[in-house]
Amino acid sequence: MSKKRIATVWLDGCSGCHMSFLDMDERLVEVFQQADLVYSPLVDLKEFPEEVDITLVEGAVSSEEDLHKIRMVRERTKILVAFGDCAVTGNVPSMRNPFGTNAVLQRAYLENVTLHPQVPREVIPALIEKARPVHEVVKVDVFIPGCPPSAETIFLALSDLLADRMPDMAKLTRFGA
Amino acid sequence: MNQPVRVKTLKIDGRDVSGREDETILEVARQNGIFIPTLCNLEGLTPIGACRLCLVEIKGVSRLLPACVTRVEEGMEVYTQSERLQKYRRMVLELLFSERNHICSVCVVNGHCELQSMAQILGMTHVSVPYRFPRLPVDASHERFVVDHNRCILCTRCVRVCDEIEGAHTWDVMGRGIDSRVITDLNQPWGESETCTSCGKCVNVCPTGALFEKGKPVSERLKKRQFLPYLTMMREERR
Ligand code: SF4
Ligand code: SF4
Ligand code: SF4
Ligand code: FES
């Protein structure tokens, strides 16, 4: 049996879900005996590759760049996993939504700044109107709630997926776990 | 004068059970260890059938009926666990989550919230309808308590406990449909309420993080409900 190709991507999240992924410690060895990590913020690769079996997505979809990225990732992935509460529900990034992007930028870059207050417009991708859970933008196959999901949860979910089983996530984790 | 109580026999999920004629399907199910999920219902308060989580199927009845307000009847055949019911219950939860702003990871009751744990129990791992992200106020004007409308599911437990048990009737519901909101007195800040006795009963019956006590760490924000069955029992004994 050929090794499965796993990727992880990081949208609008705090990287906590990736930290929890690393927390699998020695079980990472077990995972990567059955799979290759073909793309991730943890490895140095510029392009998201074609034909990925499983992609874990951390973070909400918050910017133009996130939108572009997640659509491409979806196209190139068999099983897309919303990885952690920000990806599943919008979570903390979505707390700006009731106020609107403008109000939040004003507050962060103008009202609370004394030296050259200005909203950044270059280099940083523009925020979209609302931070959205991943499945409101593209189809998601598996949802792993948790902020962050525990290493145990991630390991069990991955073990199932690598064995071509659909994990029963509600048994393992919940929103805010 | 005491009327003789009549006993009704019925079937729940194929099991023969019996209950008093004034009991609800939910009560009889619970006495028999049959789990029906509930949110607005709380033993000791008048059931109102608001959340629809407890919907059950009854043979020969085309509508689904809420178990918490439906009385048992002779020969009834009740089903509590069908695929269809599971689907509707998850949908009810999804709508509750989508209507307000539930950010569990930063919520004051994370880990001891009835809405959150119900989602887990019923296997709801995401919300399939678009979130509304409404802009809602938090009223912290009361000396000891806070109401955060972002987390309210309009179960009206607060309204009922304050009215039926405390006798203050500080809480009520204002507005209609999606715009409904719980209010204190005549929509005044809670801290300016003339009727609130600061007893804290509403805070303790609230299933979510919508009502909480100030200045307590999350780990101590467990809701204390023991007083309710106790008070109800004492009152019934005195009658
Ligand atoms: S009230 Fe419950 S469901 Fe809502 S955010 Fe708080 S913990 Fe989560
Ligand atoms: S603290 Fe007591 S009196 Fe005040 S609103 Fe709550 S239940 Fe009513
Ligand atoms: S404040 Fe709490 S008890 Fe009152 S209606 Fe909202 S969720 Fe229910
Ligand atoms: S518990 Fe029956 S409708 Fe809410």
Side-chain angles (χ1 to χ4, degrees), chain A residues 13-14 16-17 20 57 59-62 80-101 103-104 128-149 153 157 166-177, chain B residues 35 37 86-87 89-91 93-138 148-153 178-179 181 207-210 212 218-219 221:
Chain A
C14 70
C17 294
S20 199
V57 188
V61 180
S62 287
L80 192 69
V81 184
F83 175 36
D85 275 352
C86 295
V88 176
T89 74
N91 199 27
V92 173
S94 77
M95 287 168 76
R96 73 175 159 95
N97 293 353
F99 304 92
T101 305
V104 175
I128 52 175
E129 191 42 38
K130 284 189 161 68
R132 290 282 178 190
V134 175
H135 69 274
E136 285 192 16
V137 180
V138 294
K139 181 174 167 285
V140 167
D141 305 296
V142 179
F143 297 85
I144 310 187
C147 184
T153 298
M166 272 295 159
D168 183 357
M169 293 318 306
K171 286 228 168 68
L172 302 172
T173 181
R174 56 162 168 78
F175 302 132
Chain B
F35 172 74
Q86 312 276 13
K87 209 179 92 197
R89 287 170 186 160
R90 279 197 293 270
M91 183 50 72
L93 287 180
E94 288 181 29
L95 290 171
L96 288 176
F97 273 96
S98 73
E99 274 171 14
R100 303 272 171 125
N101 301 305
H102 291 275
I103 318 286
C104 295
S105 59
V106 295
C107 180
V108 292
V109 294
N110 187 12
H112 24 251
C113 165
E114 287 182 50
L115 179 63
Q116 183 186 52
S117 55
M118 197 53 86
Q120 190 174 25
I121 292 168
L122 299 186
M124 193 217 98
T125 57
H126 68 285
V127 173
S128 57
V129 293
Y131 283 92
R132 293 186 67 248
F133 301 119
R135 188 154 176 188
L136 292 164
V138 177
D148 178 355
H149 295 278
N150 292 287
R151 313 282 198 252
C152 175
I153 57 170
I178 200 91
D179 297 320
R181 250 212 269 148
T208 70
F212 61 93
V218 173
S219 55
R221 286 232 174 81

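Order of the sequence lines fixes the chain letters, A, B, ..., with proteins taken first and strands second; residue numbering starts at 1 for each chain.
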Check: L115(B) and M118(B) side chains under 4.5 Å, non-hydrogen atoms
no
Any donor-acceptor pair under 3.5 Å linking the side chain of S20(A) with the backbone of P149(A)?
yes
Going by atom types only, do N91(A) and S105(B) share a side-chain donor-acceptor pair under 3.5 Å?
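Side chains of N91(A) and S105(B): pair found under 3.5 Å.
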Under 4.5 Å, counting heavy-atom pairs only, tell me which of [options] racks up the most with chain B.
{"options": "T89(A), D85(A), V88(A)", "value": "T89(A)"}
{"options": "K171(A), H135(A), M169(A)", "value": "H135(A)"}
{"options": "S94(A), A82(A), G90(A), C147(A)", "value": "S94(A)"}

Measure A87(A) against the heavy atoms of chain B and call it side chain, backbone, both or neither at under 4.5 Å.
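No part of it gets close to chain B.
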Which answer fits V142(A), side chain, backbone, both or neither, if we ask what part of it has an atom under 4.5 Å from a heavy atom of chain B?
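Looking at V142(A), nothing touches chain B.
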With chain A as the partner, which of I121(B), I103(B), N101(B) has the greatest number of non-hydrogen pairs under 4.5 Å?
I103(B)
Highest number of heavy-atom pairs under 4.5 Å with chain A: which of R132(B), R135(B), H102(B), H126(B)?
H126(B)
Quick check on P134(B) against chain A: is it the side chain, the backbone, both or neither that has a heavy atom closer than 4.5 Å?
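Only the backbone of P134(B) comes within 4.5 Å of chain A.
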Using non-hydrogen atoms and a 4.5 Å limit, figure out which bit of V109(B) sits close to chain A: side chain, backbone, both or neither.
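Contact with chain A involves no heavy atom of V109(B) at all.
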Would you compute the distance between atom CZ of R100(B) and atom OG1 of T208(B) and round it to the nearest 0.5 angstrom?
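Those atoms lie 9.5 Å apart.
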Do R181(B) and D179(B) sit within salt-bridge range, that is, some charged N less than 4.0 Å from a carboxylate O?
no
Going by the rule side chain to side chain contact (heavy atoms under 4.5 Å, CB included), which residues pair with Q120(B) if we only count those two or more places apart in sequence or in a different chain?
R174(A)
Who are the side chain to side chain contact (heavy atoms under 4.5 Å, CB included) partners of A170(A), not counting sequence neighbours?
D168(A), T125(B)
